[in-house]
Protein chains: 2
Amino acid sequence: MSDEASFLAGYDPGDYPSIAVTVDVVALTIRDGALCVLLVERGEQPFTGHRALPGGFVREETLDEAALRELAEETDVRLAGDRVHLEQLRTYGNPGRDPRMRVVSVAYLAFAPHLPEATAGSDAARAYWVPVEDAKDLAFDHDQILAEGLERARDKLEYTPLATAFVGTEFTISELRQVYASVWGEELHAGNFHRKVLSVPGFVESTGETASRGGERGGPRAKLYRAGDARLLHPALLRPTREDRVR
Amino acid sequence: MSDEASFLAGYDPGDYPSIAVTVDVVALTIRDGALCVLLVERGEQPFTGHRALPGGFVREETLDEAALRELAEETDVRLAGDRVHLEQLRTYGNPGRDPRMRVVSVAYLAFAPHLPEATAGSDAARAYWVPVEDAKDLAFDHDQILAEGLERARDKLEYTPLATAFVGTEFTISELRQVYASVWGEELHAGNFHRKVLSVPGFVESTGETASRGGERGGPRAKLYRAGDARLLHPALLRPTREDRVR
DNA sequence: CTTGTCCTTCTCAACTTGAGTAGATCTCGA
DNA sequence: TCGAGATCTACTCAAGTTGAGAAGGACAAG
């Protein structure tokens with residue numbers, strides 16, 4: 001602390017507890033039609049044996065890089081750097097959220113298409129995908145972080161092309177509809193969904209190709225699409241059940 | 001390092017640079033029909049003489065409390081604690097954003113009805129309201145933070161009752177429309193705006209009262225309303241010019 | 001008193017939405 | 001091999017929403 005002395009003009013180190021900065025990642029994917037979140041098993045105190053969101057200390061790197069790194073350490077590096085959509089969620093810094101010291105955690109949301117089974121990270125923490133409805137009693141304030149991450153994801157599905165981050169580079173309208181259904185937890189009218197997706201400029205663009213086979217239980221081969229260049233959906237795809245969310 | 005527990009178990013302080021945590025506040029209000037942001041004049045290195053967003057180090061308090069405290073130190077304590085709407089914007093932590101040391105800053109957005117002229121804070125920094133289009137060349141990465149704060153505010157006006165945070169507890173539909181016009185920078189069709197605001201459940205509720213006088217340049221006395229209990233607007237008030245924002 | 005402003009309510013055509021229907025195409029199992 | 005059932009895609013239609021404009025009154029300023 002030499003240069004910063006002027007910045008702190010009158011700053012007494014004793015007044016300000018040292019603060020650790022971490023990132024925590026709410027990584028979401030869809031497996032077998034269920035929205036799942038990546039959790040790690042804690043081996044250390046506190047919350048030993050509890051599950052937690054993957055995360056760790058920020059090093060000499062940007063916050064985004066720290067989040068990607070933590071994610072890569074728990075899953076597959078190549079995938080994490082490649083196809084994952086990453087965005088900041090919110091920062092949690094209440095005193096006492098970590099019983100040992102003051103920790104300010106920058107939480108991230110990550111969305112990925114169906115990933116292979118998570119592999120243990122370099123430090124041998126056990127990591128696995130868990131359906132979000134089974135992800136309870138997490139360590140620290142991670143229940144709250146997860147809840148806010150899910151809320152954000154459900155909202156962003158309405159007015160951004162986020163759903164395309166959950167499917168491969170080529171997909172059918174039905175696959176996209178199943179993403180919405182999984183994240184929102186409710187079925188959508190197939191005909192109307194089809195009409196809306198195709199009417200939003202830049203949401204999807206046709207590849208001209210057709211799926212190699214029909215649906216699992218029958219039906220014609222669907223046309224294939226890829227993500228368009230829109231960053232906002234206009235008009236938005238509003239979820240059917242909104243009344244509860246309004247007040 | 002997969003989670004915070006590693007901090008005590010085997011953490012080598014030399015591996016991780018110490019990180020300072022600050023809050024910066026993008027405080028917005030409307031003065032004379034112009035959207036204004038609160039800026040302070042920097043007296044110290046670096047960026048001496050430049051303007052910056054109000055902010056400072058986080059103490060033994062929540063992040064929200066830190067933001068409110070910094071705001072109160074620059075303006076009026078009572079107002080700041082009372083009628084200000086406060087929400088987290090994003091956290092900025094790129095190495096090098098502060099030339100002296102690693103600083104992670106949690107940025108906040110604050111919205112307030114017309115406030116009295118800002119007063120110099122306890123640390124005698126000069127603070128004043130500046131029309132947002134005149135707020136350029138700010139210190140650090142504050143230009144970017146301000147830009148993202150404005151974008152967020154413009155978006156939230158569409159689907160939340162945020163506009164009511166810029167007016168008093170009782171207001172006319174026209175006052176509300178002028179808030180939208182100031183923040184979005186474009187005029188709105190008065191008749192359609194009126195119809196939409198009244199048709200959104202929970203956006204505003206009538207007080208039964210009428211303004212004490214007509215408009216400044218004539219016109220009948222308008223009915224008075226107060227904010228309703230809605231937290232989301234449905235249907236939303238979409239801004240007219242959207243095409244540019246979509247891609 | 002006159003002029004012009006502005007609040008509030010209507011009207012209307014264009015568009016969007018939800019719900020349902022229908023034909024064609026495909027998978028699966030008998 | 002064939003039939004039953006599922007699915008993709010395109011329509012239809014009524015109900016609701018939107019943007020643009022017009023109109024009637026109420027009011028301030030000169």
Side-chain angles (χ1 to χ4, degrees), chain A residues 33 158-159 167 170-182 184 186-201 203-225 232-243 246, chain B residues 33 158-159 167 170-182 184 186-201 203-225 232-243 246:
Chain A
E158 291 192 327
Y159 56 92
V167 294
E170 298 201 343
F171 51 87
T172 67
I173 303 291
S174 273
E175 286 180 84
L176 205 59
R177 175 164 45 82
Q178 282 159 31
V179 169
Y180 277 87
S182 297
W184 284 349
E186 51 190 328
E187 293 305 313
L188 281 77
H189 184 292
N192 291 341
F193 182 84
H194 203 94
R195 177 182 57 188
K196 283 222 65 169
V197 167
L198 294 185
S199 76
V200 176
F203 191 3
V204 299
E205 56 186 37
S206 175
T207 65
E209 308 279 307
T210 298
S212 57
R213 51 155 292 165
E216 287 186 27
R217 295 194 291 266
R221 288 195 279 247
K223 295 176 188 164
L224 288 174
Y225 298 83
L232 289 173
L233 302 185
H234 185 64
L237 280 95
L238 301 178
R239 46 207 284 207
T241 318
R242 294 183 61 87
E243 308 314 319
V246 166
Chain B
E158 291 192 326
Y159 56 92
V167 295
E170 298 200 343
F171 52 87
T172 68
I173 303 291
S174 274
E175 287 181 82
L176 205 58
R177 176 164 46 80
Q178 281 159 31
V179 169
Y180 278 88
S182 297
W184 285 348
E186 52 191 330
E187 294 305 313
L188 281 77
H189 183 292
N192 291 340
F193 182 83
H194 202 93
R195 176 182 60 190
K196 283 223 66 170
V197 167
L198 294 185
S199 76
V200 176
F203 190 3
V204 300
E205 57 186 35
S206 175
T207 65
E209 308 279 309
T210 298
S212 58
R213 52 156 291 166
E216 286 185 27
R217 295 194 291 264
R221 288 197 278 247
K223 295 176 188 165
L224 288 173
Y225 297 84
L232 289 173
L233 303 185
H234 185 65
L237 281 95
L238 301 179
R239 45 207 284 207
T241 318
R242 293 182 63 86
E243 308 314 321
V246 166

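Chain A is the first sequence line, chain B the second, and so forth, proteins listed ahead of strands; every chain is numbered from 1. This one's a predicted model, so the numbers in the text were calculated from it and none came from an experiment.
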Task: Spacing of CG belonging to A/L237 relative to CZ belonging to A/F203, to within rounding of 0.5 Å - done: 6.0 Å
Task: NE2-CZ distance between B/H189 and B/R195, expressed to the nearest 0.5 angstrom - done: 8.0 Å
Task: Nearest-0.5 Å distance that lies between atom CG in B/L188 and atom CD in B/Q178 - done: 11.0 Å
Open item on the list: Regarding A/G214, tell me which of base, sugar-phosphate or nothing describes its non-hydrogen contacts under 4.0 Å with the strands shown.
Closed with: sugar-phosphate
Task: Interatomic distance, B/F171 CZ vs C/dC7 C1' [rounded to whole Å] - done: 16 Å
Task: Nearest-angstrom distance from the residue atom NE2 of B/H189 to C1' of D/dA23 - done: 12 Å
Open item on the list: Taking 4.0 Å as the cut-off, does a side-chain nitrogen or oxygen of B/R217 come that near to OP1 or OP2 on C/dC6?
Closed with: yes
Open item on the list: With a cut-off of less than 4.0 Å, is there a side-chain N or O of A/S174 near OP1 or OP2 of D/dT7?
Closed with: no
Task: Spacing of B/E187 atom CD relative to C/dC6 atom P, expressed in whole Å - done: 10 Å
- [ ] Map B/S212 and B/P235 onto DNA chain D by nearest heavy atom, then report which one ends up closer to the 5' terminus.
- [x] B/P235
TODO: Using a 4.0 Å heavy-atom cut-off across all strands, classify B/R195 as base, sugar-phosphate, or nothing.
DONE: base
Open item on the list: How long is the straight-line distance from CZ of B/R177 back to OG1 of B/T172, given to the nearest 0.5 Å?
Closed with: 8.5 Å
Open item on the list: Between A/R221 and C/dC26, is there a contact of a side-chain N or O with OP1 or OP2 at under 4.0 Å?
Closed with: yes
Task: DNA chain C: 5'-proximal contact among B/I173 and A/P220 (nearest heavy atom) - done: B/I173
Task: Interatomic distance where CG belongs to B/N192 and P belongs to C/dT9 [whole Å] - done: 14 Å
- [ ] For A/F193 and C/dA19, give me the distance from atom CZ to atom P, rounded to whole Å.
- [x] 16 Å
Open item on the list: Test of understanding: with salt bridge (Lys or Arg N to Asp or Glu O under 4.0 Å), list the residues that count as partners of B/E205, not counting sequence neighbours.
Closed with: B/R226
Task: Residues B/F193, B/Y180; criterion ring pair (Phe, Tyr, Trp, His ring centres under 6.0 Å); working and verdict - done: CA-CA 10 Å; B/F193 182 83; B/Y180 278 88; 5.4 Å; yes
TODO: Starting from P on C/dA19, measure out to CG on A/L188 and report it in whole angstrom.
DONE: 11 Å
Task: Rounded interatomic separation in angstrom, taking CG from B/L176 and C1' from C/dC6 - done: 16 Å
- [ ] Report the residues that fulfil side chain to side chain contact (heavy atoms under 4.5 Å, CB included) with B/P220, sequence neighbours left out, ordered by chain and then residue number.
- [x] none
Task: Contact under 4.0 Å: A/K196 side-chain N or O vs C/dT16 OP1/OP2 - done: no
Open item on the list: If you compare every side-chain N and O of A/K223 against the phosphate oxygens of D/dT7 (OP1, OP2), does one of them come in below 4.0 Å?
Closed with: no
Open item on the list: With a 4.0 Å cutoff (strictly under), does any side-chain N or O of B/H194 reach OP1 or OP2 of C/dT9?
Closed with: yes
- [ ] For B/A236 and for B/G191, find the nucleotide of DNA chain D with the closest heavy atom, then tell me which residue's nucleotide is more 5'.
- [x] B/A236
Open item on the list: Taking the axis from the first five pairs and the axis from the last five, what angle separates them in the helix from C/dC1-D/dG30 to C/dA30-D/dT1, rounded to 10 degrees?
Closed with: 20°
Task: Length of the line joining A/L238:CG and D/dT17:C1', which is rounded to integer Å - done: 12 Å
Open item on the list: Heavy-atom count check: over 12 atoms from other residues, nucleotides or ligands less than 6.0 Å from B/E187 CD?
Closed with: no
